[in-house]
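Report on one structure; see the data block that follows.
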2 protein chains.
Amino acid sequence: MKNQKVTIHTIAARLNITASTVSRALSGNKRISQKTRELVNKTAAEMGYKPNHMASNLRKGKGNLIGVIIPRINRHFFSHAIAGMEAITNPAGYNLMICQTNESQAKEIDGLQTLINNRAEGVIMSISNETRNGAHIQAATDGGMPVVLFDRIIKNLNIDHVINDNFAGAYEATKHLIEQGYKNIVHFSGSLHINVYEQRLNGYKKAMNEANLDVTSDMIFDNIITRLSGEELAQTLLTKNKLPDAIFSSSDYSALGALITFKNAGINIPQDIGIVGFANEPFTELTDPALTTLEQYSEDIGRSAARLLIERIENKQNKEVPSSLSFKPQLIIRKSSQRNTID
Amino acid sequence: MKNQKVTIHTIAARLNITASTVSRALSGNKRISQKTRELVNKTAAEMGYKPNHMASNLRKGKGNLIGVIIPRINRHFFSHAIAGMEAITNPAGYNLMICQTNESQAKEIDGLQTLINNRAEGVIMSISNETRNGAHIQAATDGGMPVVLFDRIIKNLNIDHVINDNFAGAYEATKHLIEQGYKNIVHFSGSLHINVYEQRLNGYKKAMNEANLDVTSDMIFDNIITRLSGEELAQTLLTKNKLPDAIFSSSDYSALGALITFKNAGINIPQDIGIVGFANEPFTELTDPALTTLEQYSEDIGRSAARLLIERIENKQNKEVPSSLSFKPQLIIRKSSQRNTID
DNA sequence: TTGTAGGCGTTATCAA
DNA sequence: TTGATAACGCCTACAA
C-alpha cells in the first residue's frame, strides 16, 4: 500500500485550486482565507502529504542541516558535546548530521565534502589525530561555509573555536601531584601537533618549572593515548632501573593501561606511583584505585560551539575577529594521586 | 573571498557549451569527447564548483541518505552498531544521518519525520524506552519508507529486523549462575514491553525452571537499568532480612550500581552474592570484582541491519516475508559470578 | 484572497 | 558528440 507521491500539485488538483495556494496554506502564509487553509491542511493530512525539504531548500537557497565532524562518537567528551549541540540546534530548527572520522584525515575531508555538497548551513568540527593541516577547512570557509572548531583545532586558522583550557587543566593536575610530594613526574602525551596535547604538555612543564623540578626529554612520551600504548609503555618503564614516582597522562585510556600494568606488577598506587588522567571517562571512577582526572565541560563546549555557528549562519555580516572561547577543566581528585591522605 | 555560486551553467557559459554537456562530463557519461570532459573537469576545479546534491537528488528522485534512530549514541552497543553500519553503507555510497532520541518517543517520531521529509532512502532504528507502539513506524513503511529495526524492536510489526538472541543469552547467564551454586537468583529487568527485556526475563525463567528453582514475582524487578536504580534497589534489598544470593541484571549499569552498593555494605562478591550484567560495557572489565556479562555482537548487528536495508532500498520488489536475524550473545565470565573458582 | 509564471540546479529525453 | 527543452517539488513576485 505504498503512497503515490503526493505533492502540492496533487493536493491542488484534488481541490481545484493552484499549487501556490496550497503552498501558502501549508506554510502558514497570511494572505489566505481561513477556510482554504483548513481545507488544504485537512486534505494534505488525508492524502499523507510529506513536504519535500530538498525541493524547498533548493528553492529557498537555504536548508536546516548542520554538520558535525568528530573523531569518534563513543568518547565521553564527544558524545556529551553532541548532546550540548543538540540542545541548541534543535530548538533553533536545525538538524545535525554527524560524521565520524575514526581519526582518519581522509574521512574527515570526505565528510566535509559531503556536507558541502548537501548544502549544510555550517559545520562544527574537531580534527582527527591524523590531520596535520587545515587546507580543507580553509577551503571550506573560503567557499563560504561557516565552520566552528572545537576541542581539537588547527592553530593559525582564523576560525571561531571553542576549546578546553588544556594548559590550565594540565598545570593544575601537575601541581596537585607535586603537592602530594611526587617529584619524578613523567608525562604521557598525544600527537604534539595537536593543540590539545601541546597545551597539556606546556601546562605540565610550567608546573614542574615553578616547583624547580627538571623536565628532561626522557620524561615525555609521545603518542601514548590508548590503553594498549599505556600498558606497553608501563611495561617498558618497569624494565628500567628507576621508575617515575608519578604519571600525568593526557588520556584516561593510557592512564588506565599504566594503572593496570603497574598494579599487576605489584606496585602500589598511589604510594609508589601516583597517576592522573584526563577527560573523566566514566570508567575512571571505577578503577582500583579510582583515577584522578580532569572533567571537561563537554556539554557547555558543545552548546557554545553550536551558538557560535548559528550566529555565523544567521548574521551573515562577517565579524572580522573570530570568537575564541575556553573552558577550564575541573580537577577531580580521586585515590590514584593522593599519597598524603589517610583514609 | 566567498565564492559566487558556481553551477553547471556558470561553467557552461565560461566554456561556451551547454549545461547538459557539463553535466554529462561531470557525471562520467560516456557520450562525450575526451577533450571536452577534461576541459570541463579542469574548469570546474578551477572555479571551485561543488555539485548540489539536493538539486541532483530532486531531479533523480533518489538520494543517498540513510537515517539511523537510536536511544543514545554513547552506549557501547549502539556506537559499535553504528560503526558496523558505516562499514556497509559508506562503500555502497550512502551517508548516515544519526538521530538520538534520548529514550523519548516524541524525539523518535520527530526524527523519523525529519528523515522522511529529507527523503532519506531508508531508516535503521531501535526504539526508545518510552515507545509503546509502532504506529509511526507502520505509517512510515506504509508510506513507502524502507525501515529495518534492530535490537529494540516492536513485536507484531511486519518489518525486517536484526536482534540479539536475548532469550538464549539470558538463559545461558542464569544457567551459569546456577552451576556456580547460586539458588536464590533475582532478576533486574527493564521495561517489560520492550522485547529485549521480555526475552531476557524469559530466558532467566527457563533456566530457573529447568533447575527446579522457583521464580516468584518478588524476585523480578522492573525498570532497573540505570546505575542509580541499581544502587537504590540494592539498598532496599539490604534492609530486608533475606538477601538474594545472586543477581542476573538486564543491564550492566544497574549491575554496577548493585555491585558497588553491596561492596560498600561489606558484602563479599561473588561469595555472598553473584552478579551478572548484560552488554559488556567497557567498564565491566574494571569493576572490583570484574563483572560477568554478555557481549552482544554489535558491529555484526549493525552490518546486518545495513545490508538488509540496502537490499530493501535497491531491490524494490517486495519480499513478502520480512527477514529476521538473530545473534547469540556470548557469555563473558569474570569474577563477579565465580563462586567455585579458587584463584 | 487567489492565480500565473518563472526559476532554484540538476538530469533525462529527444533532436540535431 | 552536443544542444535544446522540460521536469523534479517548491516558493514567490507580480498580476488579477
Side-chain angles (χ1 to χ4, degrees), chain A residues 3-41 43-44 47-65 113-114 116-121 143-144, chain B residues 3-41 43-44 47-65 93 114 116-121 143-144:
Chain A
N3 279 340
Q4 332 295 5
K5 286 182 193 175
V6 19
T7 73
I8 54 175
H9 291 99
T10 333
I11 300 172
R14 167 87 75 94
L15 296 177
N16 277 320
I17 55 179
T18 53
S20 348
T21 307
V22 175
S23 171
R24 279 189 281 253
L26 257 18
S27 66
N29 191 306
K30 305 193 153 191
R31 304 179 148 281
I32 201 158
S33 73
Q34 184 66 15
K35 213 176 78 182
T36 313
R37 166 179 287 109
E38 280 165 7
L39 184 60
V40 169
N41 283 321
T43 313
M47 300 179 75
Y49 169 72
K50 315 283 181 206
N52 184 326
H53 280 179
M54 292 189 322
S56 168
N57 292 343
L58 177 60
R59 171 63 231 243
K60 289 190 298 196
K62 142 149 193 49
N64 64 329
L65 181 68
Q113 199 56 57
T114 299
I116 290 172
N117 294 345
N118 282 303
R119 299 298 187 267
E121 300 305 296
Chain B
N3 280 339
Q4 334 295 5
K5 286 183 195 175
V6 20
T7 72
I8 53 175
H9 291 99
T10 332
I11 299 172
R14 167 88 76 95
L15 297 177
N16 277 321
I17 54 180
T18 52
S20 331
T21 307
V22 176
S23 171
R24 279 188 282 253
L26 256 20
S27 65
N29 190 306
K30 305 194 148 187
R31 304 181 147 281
I32 199 158
S33 72
Q34 184 66 15
K35 213 177 79 181
T36 313
R37 176 200 280 25
E38 280 165 8
L39 184 60
V40 169
N41 282 321
T43 315
M47 300 178 75
Y49 169 73
K50 316 282 180 205
N52 185 326
H53 280 181
M54 293 190 321
S56 170
N57 291 344
L58 176 59
R59 173 62 233 236
K60 289 191 295 194
K62 144 148 192 46
N64 64 328
L65 181 68
T114 300
I116 290 172
N117 293 346
N118 282 304
R119 298 298 185 267
E121 301 305 297

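Each chain gets a letter, A, B and so on, in the order its sequence line appears, and its residues count up from 1.
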For the pair made of [atom1] in [X] and [atom2] in [N], what is the distance, rounded to whole Å?
X	N	atom1	atom2	value
A:Met47	D:dG9	CE	P	13 Å
A:Asn118	C:dC8	CG	P	20 Å
B:Lys62	C:dG9	NZ	P	23 Å
B:Leu15	D:dG3	CG	P	10 Å
B:Leu26	C:dA12	CG	P	13 Å
A:Asn29	D:dA13	CG	C1'	12 Å
B:Lys5	C:dG9	NZ	C1'	10 Å
B:Ile8	D:dC8	CD1	C1'	14 Å

Presence of donor-acceptor pair under 3.5 Å, side chain of [X] and base of [N]:
X	N	answer
B:Arg59	C:dT10	no
B:Ser20	D:dA4	yes
B:Arg24	D:dG3	yes

Exercise. Counting only N and O atoms by type, is there a donor-acceptor contact under 3.5 Å from the side chain of B:Thr43 to the main-chain atoms of B:Leu39?
Worked result: yes

Exercise. Okay, side chain of A:Asn118, backbone of A:Ala120: is any donor-acceptor separation there less than 3.5 Å?
Worked result: no

Exercise. More 5' along DNA chain D: B:Val22 or B:Ala55, using each one's nearest nucleotide?
Worked result: B:Val22

Side-chain N,O ([X]) to OP1/OP2 ([N]) below 4.0 Å:
X	N	value
B:Ser56	C:dG9	no
B:Thr18	D:dT2	no
B:Thr36	D:dT2	yes
B:Ser33	D:dT2	yes

Exercise. Counting any heavy atom closer than 4.0 Å, what does B:Ile32 reach on the DNA or RNA strands: base, sugar-phosphate only, or nothing?
Worked result: sugar-phosphate

For this session: Check every strand shown and say whether B:Ser23 touches a base, only sugar-phosphate, or nothing at a heavy-atom separation below 4.0 Å.
Result: base

Exercise. With distance as the sole criterion, is a donor-acceptor pair present between the side chains of A:Thr7 and A:Thr10 under 3.5 Å?
Worked result: yes

Exercise. Which of these nucleotides, D:dT1, C:dT1, D:dG9, is closest to any side-chain atom of B:Arg31?
Worked result: D:dT1

Problem set entry | From C:dT2, C:dT11, C:dT10, nucleotide with atom closest to B:Lys60 side chain | C:dT11

Problem set entry | Residue pair A:Ala44 / A:Leu26: nearest heavy atoms and the distance that separates them | CB-CD1, 4.2 Å

Exercise. Less than 4.5 Å apart, any side-chain heavy atom of B:Asn57 and any of B:Arg119?
Worked result: no

